[in-house]
There are 2 protein chains.
Amino acid sequence: MDYRTIFIDYLQKRGLRLTRVRSIILEAVFTTHSHFDADELYDLVRHKDVSRATIYRTLPFLVDSKLVKKSMFGLNKEKYEHIYGHPNHFHIICTKCGRVIEQIDKGIECSIIRLAENSGFEYKDYNLRISGICSLCNNNE
Amino acid sequence: MDYRTIFIDYLQKRGLRLTRVRSIILEAVFTTHSHFDADELYDLVRHKDVSRATIYRTLPFLVDSKLVKKSMFGLNKEKYEHIYGHPNHFHIICTKCGRVIEQIDKGIECSIIRLAENSGFEYKDYNLRISGICSLCNNNE
DNA sequence: ATGGTTGCAAAGGCTTTGCAAACAT
DNA sequence: ATGTTTGCAAAGCCTTTGCAACCAT
């Protein structure tokens with residue numbers, strides 16, 4: 001299923017509308033291949049007369065519809081990434097240069113889910129961030 | 001080794017001083033058993049004439065000296081916890097009631113470290129947050 | 001016509017910072 | 001005496017919100 005369909009469904013179920021502006025934001029989010037914050041997203045669409053306020057008002061809908069996820073690198077600003085069509089993954093971040101790489105590991109993922117359930121939780125999601133120093137930075141010493 | 005010693009060493013190496021106010025903050029941090037944000041820490045020490053500004057100025061030293069860690073629940077404010085003397089652990093958070101439980105799993109931890117190294121990173125730290133619904137919330141439906 | 005949506009500018013919340021007084025060595 | 005530290009208030013940054021105009025159905 002297409003991300004547009006999902007978003008329209010999401011909106012309609014709540015009596016909300018797919019407007020020109022929301023479409024622009026949606027497309028921008030799925031065009032970007034990297035992580036972004038509200039301001040970076042704004043930069044992508046400001047030339048189409050989209051305001052910052054609407055960015056901030058739209059982002060929660062995208063998150064709520066599970067198309068986008070808050071990707072907590074928790075440094076300062078909120079960071080987002082589109083996740084629809086992408087398997088759950090985690091981030092390894094270089095604390096020197098800030099480079100972020102993504103990784104998938106089903107083994108770790110299974111352990112995480114099992115552990116949540118053993119702790120009496122109904123598993124929903126996980127966020128894993130690993131910090132380290134990347135090979136480039138380590139060689140440039 | 002005592003956390004006070006560590007902090008004093010940290011400060012001295014940088015030409016900084018252990019003042020009355022910094023002591024108060026340090027003790028408050030290690031008296032609290034839960035996670036806290038800057039404002040909650042301020043509430044613990046404000047009656048001893050410690051200002052918010054100094055809280056914000058001291059927290060980075062505590063983090064830098066590895067006594068305290070930013071514990072990204074990344075909801076809005078920065079959250080901290082003292083980690084000296086505690087093994088690395090992760091958090092399972094109930095998305096309904098906000099309850100946070102801590103867990104340790106050496107198996108997952110080893111996998112994480114191995115994975116970072118296989119990706120060419122010198123491993124430093126990890127942050128794992130699992131979201132779910134706790135048994136209490138699931139039974140109250 | 002009705003009710004959702006938008007941009008703007010103002011307000012809000014958390015954090016940082018300039019400054020002069022106070023402090024530690 | 002010297003350089004660090006503090007509280008205060010102001011400023012800063014990111015995000016949210018009230019409002020009147022606008023748009024979709």
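Note that this is a predicted model, so its numbers are computed, not measured. Within every chain, numbering begins at 1; the chains are lettered A, B, ... in the order of the sequence lines, protein sequences first and strands thereafter.
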- Message: Using the side-chain heavy atoms of B:R57, tell me which of these nucleotides is nearest: D:dC8, C:dC8, C:dC23.
- Response: D:dC8
- Side chain of B:R17 (C-beta onward), nearest among C:dG7, C:dT16, D:dG3: D:dG3
- Message: So if I take every side-chain heavy atom of B:A53 and compare against C:dG4, D:dG7, D:dC14, which nucleotide ends up nearest?
- Response: D:dG7
- Task: Could you check which of C:dT6, D:dG7, D:dT5 has an atom nearest any side-chain atom of A:R22?
- Result: C:dT6
- Identify which nucleotide among C:dG7, D:dC8, D:dT15 has an atom closest to any side-chain atom of B:S51, counting heavy atoms from C-beta outward. D:dC8
- Nearest-Å distance for atom pair CD/P, residues B:E78 and D:dT15: 12 Å
- Name the nucleic acid region contacted by A:D49, choosing base, sugar-phosphate or nothing; use a 4.0 angstrom heavy-atom cut-off, strictly under. sugar-phosphate
- For DNA chain D, whose closest nucleotide is more 5', that of B:R20 or that of A:R20? B:R20
- Query: Considering only C:dA9, C:dT6, D:dT6, which nucleotide approaches the side chain of B:V21 most closely?
  - Reply: D:dT6
- Message: Any base atoms under 4.0 Å from A:D39, or only sugar-phosphate, or nothing? Heavy atoms, all strands.
- Response: nothing
- Query: So what does B:L16 touch, heavy atoms closer than 4.0 Å: a base, only the sugar-phosphate, or nothing?
  - Reply: sugar-phosphate
- Would you say the side chain of A:L59 lies within less than 4.5 Å of the side chain of A:L41, judging by non-hydrogen atoms? yes
- Item | Nearest to side-chain heavy atoms of B:T19, which nucleotide of C:dG7, C:dA24, D:dG7 | C:dA24
- Under-4.0 Å salt bridge between B:R114 and B:E117: no
- So, A:Y3 versus A:F30, ring centres under 6.0 angstrom or not? yes
- Query: Can you say whether the rings of A:H89 and A:H86 are parallel (under 30°), tilted (30 to 60°) or perpendicular (over 60°)?
  - Reply: perpendicular
- Note on the structure: Assign each of A:G15 and B:P60 the nucleotide of DNA chain C bearing its closest heavy atom; nearer the 5' end lies the nucleotide of A:G15
- Query: Does any non-hydrogen side-chain atom of A:R22 lie less than 4.5 Å from one of A:F61?
  - Reply: yes
- Message: Looking at A:Y56, I'd like to know whether one of its side-chain N or O atoms comes within less than 4.0 Å of OP1 or OP2 on D:dT16.
- Response: no
